[in-house]
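Values reported hereafter were calculated over all heavy atoms of this structure, with side chains retained and with hydrogens, waters and symmetry mates removed. Computed from a prediction, not measured in an experiment: that's the story for all the values here.
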Amino acid sequence: MLKEYRTITEVVGPLILVEDVEGATYNELVEIEQQTGEIRMGRVLEVDGDKAVVQLFEGSQGLQISTSKARFLGRSIELAVSPDMLGRVFDGMGRPQDGGPRIIAEKRLDIEGEPINPSARNYPSEFIQTGISAIDGLNTLVRGQKLPVFSGSGLPHAQLAAQIARQARVLGGESNFAVVFAAMGITFEEADFFISDFRRTGAIDRAVLFMNLANDPAIERIATPRMALTAAEYLAFDLGMHVLVILTDITNYADALREISAARKEVPGRRGYPGYMYTDLATMYERAGRIRGKQGSITQIPILTMPEDDLTHPIPDLTGYITEGQIILSRELHGKGIVPPIDVLPSLSRLKDKGIGEGKTREDHADTMNQLFAAYARGKEAKELAAVLGDAALSDVDKLYAEFADEFEKRYVSQGYDTDRSIEETLDLGWELLSILPRTELRRIRDEYLDKYLPQAQEGNE
């Protein structure tokens with residue numbers, strides 16, 4: 001028998017205080033029933049002796065505390081999971097939003113998940129093809145990795161997210177690949193864009209979508225990514241699927257965390273964010289990975305907008321510490337019409353060397369990747385020099401590097417949101433661009449690869 005309490009004494013924003021409570025536990029679900037019969041859900045946020053602070057999911061507006069009663073349910077937030085989740089759209093709390101029936105649960109899982117034993121983790125080492133050259137060729141995504149996208153407000157990270165969700169695949173394992181997509185604090189227009197894009201391309205058949213809108217409660221925004229990761233863990237470790245989890249926008253999530261922290265009157269940390277934000281983000285990001293003895297895997301691409309394009313802001317700063325690299329979108333490239341505007345030089349995938357090479361992508365991948373980075377960096381330097389001193393200040397070789405940099409941005413980075421390039425096409429395009437330079441400049445590529453691939457590339461450029 002569930003105990004009922006008529007001892008709600010205080011309401012502050014989404015938080016209520018219930019006194020004289022016995023045996024309440026952190027994260028426990030609570031029902032608040034009003035005299036009218038209306039029920040609002042919440043969870044225990046803090047327990048101090050016989051007092052429990054409860055955080056309401058729907059907010060406290062219109063709540064009559066003198067006539068309301070609280071019921072503690074003895075369990076935390078759970079998600080009903082089954083293979084029927086694929087192809088469905090849910091709200092931020094896991095309720096169907098596509099007009100379809102409720103999921104008949106094969107099991108119910110706690111959305112906080114279970115930590116992966118570090119000794120049971122398998123090292124990420126298999127290539128995931130996104131079809132985007134700037135990622136596949138230069139900042140390769142590896143199965144089981146956490147690779148965030150750092151964007152700025154107004155940059156097209158939504159289109160990039162939709163493209164990755166649509167095109168990503170594990171080579172040789174397409175039939176066993178799924179995408180879990182979680183959107184937090186987005187507008188109705190953005191939600192409509194994602195859902196219609198998934199439906200238009202047929203990608204929804206292998207996807208599970210969780211949509212939390214900007215006008216939904218902040219507490220729901222905290223639960224949404226955990227709902228998505230719980231669904232991903234079920235698909236990966238129970239059904240043996242390779243799952244790509246895309247979380248957008250982590251900045252909205254962190255702002256909700258700050259809002260709730262302020263309501264609890266906690267001492268703020270950097271820029272008003274709670275001091276435990278690093279730990280909180282880590283509990284989400286570290287749910288990616290591979291487990292020994294299990295077929296499936298979870299790969300994460302969190303997307304966040306950097307306030308004022310500031311890389312040192314607490315959200316990208318802490319995310320960079322926890323994850324294995326970053327893909328950075330450039331406002332300058334966006335202004336030049338480069339689509340997608342991925343700035344490859346400051347971008348980094350720390351595990352890229354583990355997922356490329358013979359048997360994974362192609363034998364020449366590592367050498368051409370290093371050469372493309374070096375040539376593009378020198379080409380940008382040459383262009384900056386020409387902007388200050390004029391073209392006459394450049395040597396003939398520097399002019400070739402400047403030409404290479406322009407062609408690299410126009411042909412390699414800029415491919416549009418509907419072009420899906422195989423890794424072979426990306427590598428061949430890299431060779432075509434490198435053939436602009438004299439062979440003597442290609443010092444980072446082994447002679448055997450130059451002999452094998454350069455003549456074909458030079459023919460392609462003629």
Kindly indicate whether the side chain of [X], heavy atoms from C-beta on, has any atom under 4.5 Å from the side chain of [Y].
X	Y	value
I135	I164	yes
M369	D353	yes
D343	L329	no
I132	L160	yes
I116	I291	yes
M93	F57	yes
V81	E106	no
V149	Q326	no

Euclidean distance, [Y] [atom2] relative to [X] [atom1], rounded to 0.5 Å:
X	Y	atom1	atom2	value
R446	T368	CZ	OG1	10.5 Å
M227	L109	CE	CG	11.0 Å
Q371	L434	CD	CG	6.0 Å
L351	K146	CG	NZ	8.0 Å
I195	D98	CD1	CG	8.5 Å
I315	M306	CD1	CE	11.0 Å

Please say whether more than 12 non-hydrogen atoms of neighbouring residues, nucleotides or ligands are located less than 6.0 Å from [atom1] in [X].
X	atom1	value
Q295	CD	no
R444	CZ	no
E114	CD	no
R292	CZ	yes
D451	CG	yes
Y276	OH	yes

Distance-only, no hydrogens or angles: does the [X] side chain make a donor-acceptor pair with backbone N or O of [Y] under 3.5 Å?
X	Y	answer
N252	G185	yes
K360	K354	yes
E190	T187	yes
D249	T305	yes
Q55	I219	no
S414	R411	no
Q415	G131	yes
S261	L257	no
Q163	G416	yes
R258	P274	no

- Message: Tell me if the aromatic rings of Y376 and F404 count as close, with their centers under 6.0 Å from one another.
- Response: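 No, the ring of Y376 stays outside the 6.0 Å limit from the ring of F404, centre to centre.
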
- Item | Check: H313 ring centre within less than 6.0 Å of Y273 ring centre |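 Yes, the ring of H313 comes within the 6.0 Å limit of the ring of Y273, centre to centre.
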
- Item | Derivation of the salt bridge (charged side-chain N to carboxylate O under 4.0 Å, His left out) call for K107 and D238 | CA-CA 11 Å; K107 58 165 72 172; D238 283 33; 2.7 Å; yes

Check whether the side chains of [X] and [Y] place a donor and an acceptor atom closer than 3.5 Å, and report yes or no.
X	Y	value
Y401	E441	yes
T426	R421	no
S349	E324	no
S125	R143	no
T130	D136	yes
Q145	T299	no
Y412	E407	no
E363	Y453	yes
Y253	D280	yes

- Task: Check the pair D447, R439 against salt bridge (charged side-chain N to carboxylate O under 4.0 Å, His left out), reporting the backbone distance first and the verdict last.
- Result: CA-CA 10 Å; D447 285 337; R439 176 168 173 152; 3.8 Å; yes

[X] versus [Y], closest heavy-atom pair with distance:
X	Y	value
G94	L79	CA-CD1, 4.1 Å
G325	R350	N-NH1, 3.1 Å
F150	P316	CZ-O, 3.5 Å
K399	L394	CE-O, 3.7 Å
A80	I103	O-CG2, 4.1 Å
D91	Q97	N-CG, 3.3 Å

- Take F181 and F194 through the test ring pair (Phe, Tyr, Trp, His ring centres under 6.0 Å) and record every step on the way to the result. CA-CA 9 Å; F181 187 93; F194 284 123; 4.5 Å; yes

- Carboxylate-amine/guanidinium proximity below 4.0 Å for E259 and R221: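 Result for this pair is no, no salt bridge flagged.
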
- Task: Show your reasoning for whether salt bridge (charged side-chain N to carboxylate O under 4.0 Å, His left out) applies to E424 and R362.
- Result: CA-CA 8 Å; E424 286 79 14; R362 206 167 72 184; over 6 Å; no

- Between R378 and D398, is a salt bridge (charged side-chain N to carboxylate O under 4.0 Å, His left out) present by the stated rule, with each step listed? CA-CA 8 Å; R378 183 165 170 188; D398 281 339; 3.1 Å; yes

- In sequence, state the C-alpha distance, the side-chain angles, and the governing distance for S76 and D110, and then conclude on side-chain hydrogen bond (donor to acceptor under 3.5 Å, both in side chains). CA-CA 7 Å; S76 56; D110 187 332; 2.8 Å; yes

- Message: The test is side-chain contact (heavy atoms from CB on, under 4.5 Å); show your working for V208 and F90 and say whether it passes.
- Response: CA-CA 8 Å; V208 185; F90 301 92; 3.7 Å; yes

- Message: Is the terminal nitrogen or CZ of R169 (NZ for Lys, CZ for Arg) located under 6.0 angstrom from the six-membered ring centre of F177 and within 45° of that ring's axis?
- Response: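 So R169 doesn't make the cation-pi contact.
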
- Task: Carefully, step by step, assess I250 and M184 under the rule side-chain contact (heavy atoms from CB on, under 4.5 Å).
- Result: CA-CA 7 Å; I250 295 293; M184 295 156 279; 4.2 Å; yes

